[in-house]
Amino acid sequence: MVMAADAKPTFSLLLLARLSATVVAILLLSWVLYFTISFLPNTLSQQDLIFSVLHPLLMVFGFILISGEAILVHRWLPGSRKRKKRVHLWLQGVALTSAIFGIWTKFQGTEGVVANFYSLHSWMGLLCVSLFGAQWLMGFISFWHRGEVRMTRIRVLPWHVFLGLYTYGLAVVTAETGLLEKLTFLQTKGVVLKHCTESLIVNSLGLGLATLCGVVILTAVSPRQYQSSHATKAVHSESKCLTS
């Protein structure tokens, strides 16, 4: 009964995380597919338009959603710890690749590199991807290098978890600044009105990302089920000793 009660909160959080990710995906697709004019660059180049659309898709779908799923792997994937770590590392590698290509799209514009890397959003993006790459490399060395000492892995684990959650939160904050920057620019130029469907979608996308971030981090730091099960076994054994 205790184990079933402990499983319900974790299942509810996982379900809420998946629902939040689905809402974010739907809002993002609705924005980039139905409001293409907002992504038209000043050059009106078809190639620049493709890069402009690819950037939010790669950074949100590939980076934030997949890295969030990688964080949740340890809570839903059955099997051994080695299997979970392998899937976690693979998903984080996909997220890192998407982030690198997402930044690469901003280097491809005809306006030049400086024109795309002047804002707080761009600086935070470079910092976030750099930290994420270092974090992935640290995780690979710490958990997959066969010559690594077990005590060293134990010491590195808290920092690995902290930096992982911090970088994930930083990625979401960076995306929020990007949405704010984009919407403010469009409204200033008169392309988008303050009270319109597109503004509603972009603002809802920001709220969806904030909700997803909170749920993923809460799920990651919530007590594990096996700890409760071990505690239940200990209490049960003690009660048997007392009654015997």
Side-chain angles (χ1 to χ4, degrees), residues 12-36 38-39 52-73 75-76 88 91-92 94-103 105-106 116 119-133 135-136 161-187 192 194 196-222:
S12 300
L13 288 174
L14 287 172
L15 180 61
L16 183 57
R18 300 287 167 70
L19 289 176
S20 301
T22 302
V23 170
V24 168
I26 293 174
L27 289 173
L28 179 61
L29 286 176
S30 301
W31 186 30
V32 300
L33 292 180
Y34 294 101
F35 300 95
T36 311
S38 297
F39 295 90
S52 180
V53 172
L54 279 177
H55 180 71
L57 289 178
L58 287 171
M59 301 310 288
V60 175
F61 271 105
F63 191 28
I64 294 178
L65 296 187
I66 292 182
S67 63
E69 188 63 30
I71 294 175
L72 299 177
V73 158
R75 293 311 179 102
W76 64 265
H88 172 81
L91 287 176
Q92 294 288 46
V94 174
L96 177 60
T97 303
S98 299
I100 292 174
F101 275 102
I103 291 182
T105 59
K106 304 305 291 183
N116 290 306
S119 63
L120 176 64
H121 169 69
S122 59
W123 293 0
M124 290 179 64
L126 291 174
L127 174 63
C128 182
V129 174
S130 299
L131 286 176
F132 194 88
Q135 167 75 353
W136 187 87
V161 174
F162 165 74
L163 288 177
L165 295 178
Y166 173 77
T167 307
Y168 178 74
L170 183 62
V172 173
V173 173
T174 303
E176 301 282 13
T177 60
L179 293 176
L180 178 61
E181 178 183 306
K182 183 70 173 180
L183 189 58
T184 302
F185 175 80
L186 293 174
Q187 291 176 349
V192 175
K194 293 182 179 180
C196 66
T197 304
E198 184 172 359
S199 295
L200 179 62
I201 289 177
V202 175
N203 289 331
S204 299
L205 177 59
L207 289 176
L209 285 171
T211 302
L212 175 63
C213 179
V215 175
V216 168
I217 293 178
L218 178 60
T219 307
V221 301
S222 60

>> So Leu65 and Leu212, do their side chains get closer than 4.5 Å, heavy atoms only?
In response: yes
>> Does any part of the side chain of Gln135, heavy atoms only, come nearer than 4.5 Å to the side chain of Phe162, both counted from C-beta?
In response: no
>> How about CZ on Phe35, more than 12 heavy atoms from neighbouring residues, nucleotides or ligands closer than 6.0 Å, or not?
In response: yes
>> Contact between Leu16 and Ser20 at the side-chain level, heavy atoms closer than 4.5 Å - yes or no?
In response: yes
> Which value, rounded to the nearest 0.5 Å, describes the distance between Lys106 atom NZ and Leu126 atom CG?
Replying inline: 11.5 Å
>> To the nearest 0.5 Å, what is the distance between OG on Ser30 and CD1 on Ile201?
In response: 5.5 Å
>> Let's go through Leu131 and Leu163 carefully: what are the C-alpha distance in whole Å and the side-chain angles of both, what is the deciding distance for side chain to side chain contact (heavy atoms under 4.5 Å, CB included) to 0.1 Å, and is it a yes or a no?
In response: CA-CA 8 Å; Leu131 286 176; Leu163 288 177; 5.6 Å; no
> Taking the side chain as C-beta and beyond, is there a heavy-atom pair between Val23 and Thr211 under 4.5 Å?
Replying inline: no
>> Tell me which pairs pass side-chain hydrogen bond (donor to acceptor under 3.5 Å, both in side chains) where either residue lies in residues 164-178, with sequence neighbours left out.
In response: His121-Thr177
>> Restricting to non-hydrogen atoms, name the atom on Val172 and the atom on Ala210 that form the minimum distance, rounded to 0.1 Å.
In response: CG1-N, 4.4 Å
> Quick one: does Ile26's side chain get under 4.5 Å of Thr22's, heavy atoms only?
Replying inline: yes
>> Applying salt bridge (Lys or Arg N to Asp or Glu O under 4.0 Å), can you list everything that pairs with Glu198, at least two apart in sequence or on another chain?
In response: none
> Which atoms form the tightest heavy-atom contact between Gln187 and Lys194, and what is the distance?
Replying inline: NE2-CA, 3.7 Å
> What's the shortest heavy-atom distance between Ala171 and Ile64, and which atoms?
Replying inline: O-CD1, 3.8 Å
>> Test your reading of the model: is there a side-chain donor-acceptor pair from Ser222 to the backbone of Thr219, 3.5 Å cut-off?
In response: yes
> Could you give the distance from CG (Leu218) to CG (Leu13), rounded to the nearest 0.5 Å?
Replying inline: 5.0 Å
> Between atom CD of Gln92 and atom CD1 of Ile66, what is the distance when rounded to the nearest 0.5 Å?
Replying inline: 10.0 Å
> Between atom CG of Leu205 and atom CG of Leu200, what is the distance when rounded to the nearest 0.5 Å?
Replying inline: 11.0 Å
> Considering all heavy atoms of both residues, which atom of Val216 and which atom of Leu72 are nearest to each other, and what is their separation?
Replying inline: O-CD2, 4.2 Å
> Of all heavy-atom pairs between Val129 and Leu96, which one has the smallest distance, and what is that distance?
Replying inline: O-CD1, 4.2 Å
> Can you list the steps and then say if Leu209 with Leu179 is a side chain to side chain contact (heavy atoms under 4.5 Å, CB included)?
Replying inline: CA-CA 11 Å; Leu209 285 171; Leu179 293 176; 4.1 Å; yes
> Does any N or O in the side chain of Ser52 come within less than 3.5 Å of the main-chain N or O of Phe39, such that one atom is a donor and the other an acceptor?
Replying inline: yes
> Between atom OG1 of Thr184 and atom CG of Leu180, what is the distance when rounded to the nearest 0.5 Å?
Replying inline: 4.0 Å
>> Show the nearest heavy-atom pair for residues Gly169 and Cys213, with the distance to one decimal.
In response: CA-SG, 4.0 Å
> Heavy atoms, side chains only, cut-off 4.5 Å: are Val192 and Val202 in contact?
Replying inline: no
>> Measuring only between side-chain heavy atoms, which start at C-beta, is Leu57 closer than 4.5 Å to Leu29?
In response: yes
